[in-house]
Amino acid sequence: MTDRLLRGRLLTFNREPQGGDDIDAYTYIEDGGLLLRNGLIENQGPFADLVSEAPNVPLVDHRPHLMLAGFIDPHIHFPQAQVIASWGSQLLDWLNNYTFPEETRFADPDHCARMASRFLDQLITHGTTTAVAFCSVHKASVDAFFSESTKRGLRMLGGKVLMDRNAPDGLCDKPQSGYDDSKALIAQWQGLARNGYVITPRFAITSTPLQMEMAQALAAEHPECHVQTHLSENKEEIAYTEKLYPNARDYLDVYQSYGLLGEKTLLGHSVHLKSREISALAETGAHPVFCPTSNLFLGSGLFDNAGLRAKGISTGIATDVGAGTSYSMLQTLNEGYKVLQLQGQSLHPLQAFHWATRGNASVLGLEDRIGTLDQGTEADIVILNSRSTDAMALRMERCNSLSEELFILQMMGDDRAIEEVYVSGEPSKKPASPRADITQFLAHC
Ligand code: GUN
Ligand code: ZN
C-alpha cells in the first residue's frame, strides 16, 4: 500500500446536522489534507499542517473538488444488475416476471464471477465504497461477491437469500440446506478481510415458518452478523403475508416472533407501517431503510422518514438496485428529497450527505470505521466534482455556499460527478470506456 497525501476541500460529519445552521455537526476545510497510510486515514486537517508533517509523501492534488467519505448503500441486490429498468409491474409481478427468472442464472458460478466483478465496478464508479447486498439463493453467488470484494480491499456486507417457497424450483432452498449453506458461508467469509456476513431471509412470503426458525437459530448463533430482509413494501405483499402468517399481529411480527429484530437488523422499504410496528421498531432498535428510486419505480408508496425519526428510530437510505433505478447515492438522495417533499418534509443537503455517509455507517454500527474522514478510520474516500456536466457548471456560477453546492450535487450529480474513489487508500475508479460499448454493439450488428 502506497502512502498518499490528498489535497482538496475536505468535508466530514461529526454528527447528524439538525439543519442548515448546525455548523458544529460537520468539519469543512477549504484547503484540506488527508494523509493515507496502510489503508487508513493517518491524519486529516489543514493541508499546510499535513504537508509539514509528511513532506516526502506523494501528493495528489484534487483541488477544487470536495473530499468526502465514500458513500454507503445499505440495501442492494447483487443478482439484479441486469433487472434494472424492467417495465410495467408492481412488486409481486415484478419479482415473478423479471427478478426470479434472472436470479436463477446465478446457479452458474462463472456467471456469478462475471457479475460480481461488473457489479463492484458499478458501485465504485458511482462512489459507493460499502454496500449491504442480497446475493442469490446460491452459495456460489456469495463466494463470488466476497472473493471480488476481498480482491479489491472493499468493506462489503452480504448474504445468501433464504427462500424455500413461492418462487421457481431453481430458486428455492430447504430450511436445512439454507441453514447449512449460511453456516458454511459465515465460517468462510465473516470477518475475513473487510467482509461481513448478513443473515438474509428474503421476505416472509418466500420463507416457511420452519425456515424462519432456521433464520432465528442462525441469528442467535451469530450475533456478530447483521440480519436483512424486506418489510411492508407493497399493499398486496402485506395482505399475502398476513394470510401466510395468520397468527402474526402484523407483518413486522413475523420477524419479531422469530427473534430477528435488533440493532443489527435492516428492514428494506418499511413503507406501510402500523402504529404497533413503529413502536416495535423503536423498542428493538431495528432500522428501516428508505429506498426512494425503487419505491417510486414499483409504485410502492412514500416512506415517512420524519414520522419514524420522531419515534427515535434511525433509518438508512439505499438504492435497492434492481427495483431501484440507479446505483448512484446522489440520485438516490435526489429522489429521496422529492418523496419527502410530497409529505412536507424538506431534507436539507447537509442532512442528505450525512445520511449517505456517516448516517448509514451508524445504522450499520460501523461509524468508528467508515462514513467519516476521521483520523484512524478506513481510507474509503470519494472525490466530488460539482462542475462535472455543463449544466452543473452553469448552475455553479450562481452558487454561494457549501450547502447550495451540495444540493446541486444531490439534484444534478451522478457517476460523472465522481472524480475519483479511494478504497483502503488506493485510487480505484476505472476510466469510463465507451469504446467497449461500441465494440459490443458492432459485434451484435
Ligand atoms: N421483496 C422481496 N424480494 C425483493 C426484491 O428483490 N426487491 C424488492 N424491491 N423487494 C423485494
Ligand atoms: Zn430489496
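Values reported hereafter were calculated over all heavy atoms of this structure, with side chains retained and with hydrogens, waters and symmetry mates removed. All values reported here derive from a predicted model rather than from experimental measurement. Note that ligands are numbered from 1 as they come in the structure, with each ligand's atoms numbered from 1 the same way.
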- [ ] Using a strict cut-off of 4.0 Å, indicate which atoms of ligand 1 neighbour a heavy atom of D320.
- [x]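 With D320 as reference, the close atoms of ligand 1 come out as 8 (C), 9 (N).
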Next on the checklist: I'd like to check which ligand 1 atoms, numbered from 1 as shown, lie under 4.0 Å from a non-hydrogen atom of A323.
Outcome noted: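 Every atom of ligand 1 under 4.0 Å from some heavy atom of A323: 9 (N).
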task: Could you give me the CA-CA distance, side-chain angles and deciding distance for E16 and R309, then say whether side chain to side chain contact (heavy atoms under 4.5 Å, CB included) is met?
output: CA-CA 12 Å; E16 186 190 358; R309 299 299 310 274; 2.7 Å; yes
### Query
Could you go step by step and tell me if T293 and Q331 meet the side chain to side chain donor-acceptor pair (under 3.5 Å) rule?
CA-CA 8 Å; T293 71; Q331 280 307 296; over 6 Å; no
### Closest to atom 3 (N) of ligand 1 among R202, H269, Q80 (heavy-atom distance)
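Closest candidate by heavy-atom distance is R202.
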Exercise for the section: Pick one of side chain, backbone, both or neither for how L91 approaches ligand 1, counting any non-hydrogen atom pair under 4.0 Å. Expected result: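 For L91, the contact with ligand 1 is made by the side chain alone.
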Fill in: Residue portion contacting ligand 1 (non-hydrogen atoms closer than 4.0 Å) for Y98
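The answer is neither; Y98 stays 4.0 Å or more away.
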Quick one: does F134 get within less than 4.0 Å of ligand 1, heavy atoms only?
->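 Under 4.0 Å: no for F134.
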Please state whether the rings of [X] and [Y] are parallel, tilted or perpendicular, taking 30° and 60° as the class boundaries.
| X | Y | result |
| --- | --- | --- |
| H75 | H230 | perpendicular |
| Y337 | F407 | perpendicular |
| W189 | F146 | tilted |
| H111 | F106 | perpendicular |

Compile the donor-acceptor pairs under 3.5 Å between side chains in residues 212-220 and protein atoms, sequence neighbours left out, one pair per line.
from : atom 1 : to   : atom 2 : distance (Å)
Q216 : NE2    : Y258 : O      : 3.4

Residues 365-374 side chain polar contacts: donor-acceptor under 3.5 Å, at least two apart:
from : atom 1 : to   : atom 2 : distance (Å)
T372 : OG1    : D374 : N      : 3.1
T372 : OG1    : D374 : OD2    : 3.4

To which protein heavy atom is atom 10 (N) of ligand 1 closest, and what is the distance rounded to 0.1 Å?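 Here the closest protein heavy atom is E233 OE1, 2.7 Å.
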| task | Specify the protein heavy atom at minimum distance from atom 7 (N) of ligand 1: its residue, its atom name, and the distance to 0.1 Å. | result |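 The protein heavy atom lying closest is W94 CZ3, 3.5 Å.
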Report task. Output, by chain and residue number, all protein N/O/S atoms separated from the Zn ion (ligand 2) by less than 2.8 Å. Result ->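 Within the sphere that stays under 2.8 Å of the Zn ion (ligand 2), the protein atoms of type N, O or S are H75 NE2, H77 NE2, H230 NE2, D320 OD1.
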- request: Just grab all the salt bridge (charged side-chain N to carboxylate O under 4.0 Å, His left out) pairs involving residues 157-178, residues at least two apart or on different chains.
  value: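 Checked against salt bridge (charged side-chain N to carboxylate O under 4.0 Å, His left out) - neighbours excluded - the pairs reaching residues 157-178 are K160-D173.
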query: Does E224 CD have over 12 foreign heavy atoms under 6.0 Å away?
result: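 Yes - once you tally the heavy atoms of other residues, nucleotides and ligands closer than 6.0 Å, there are more than 12.
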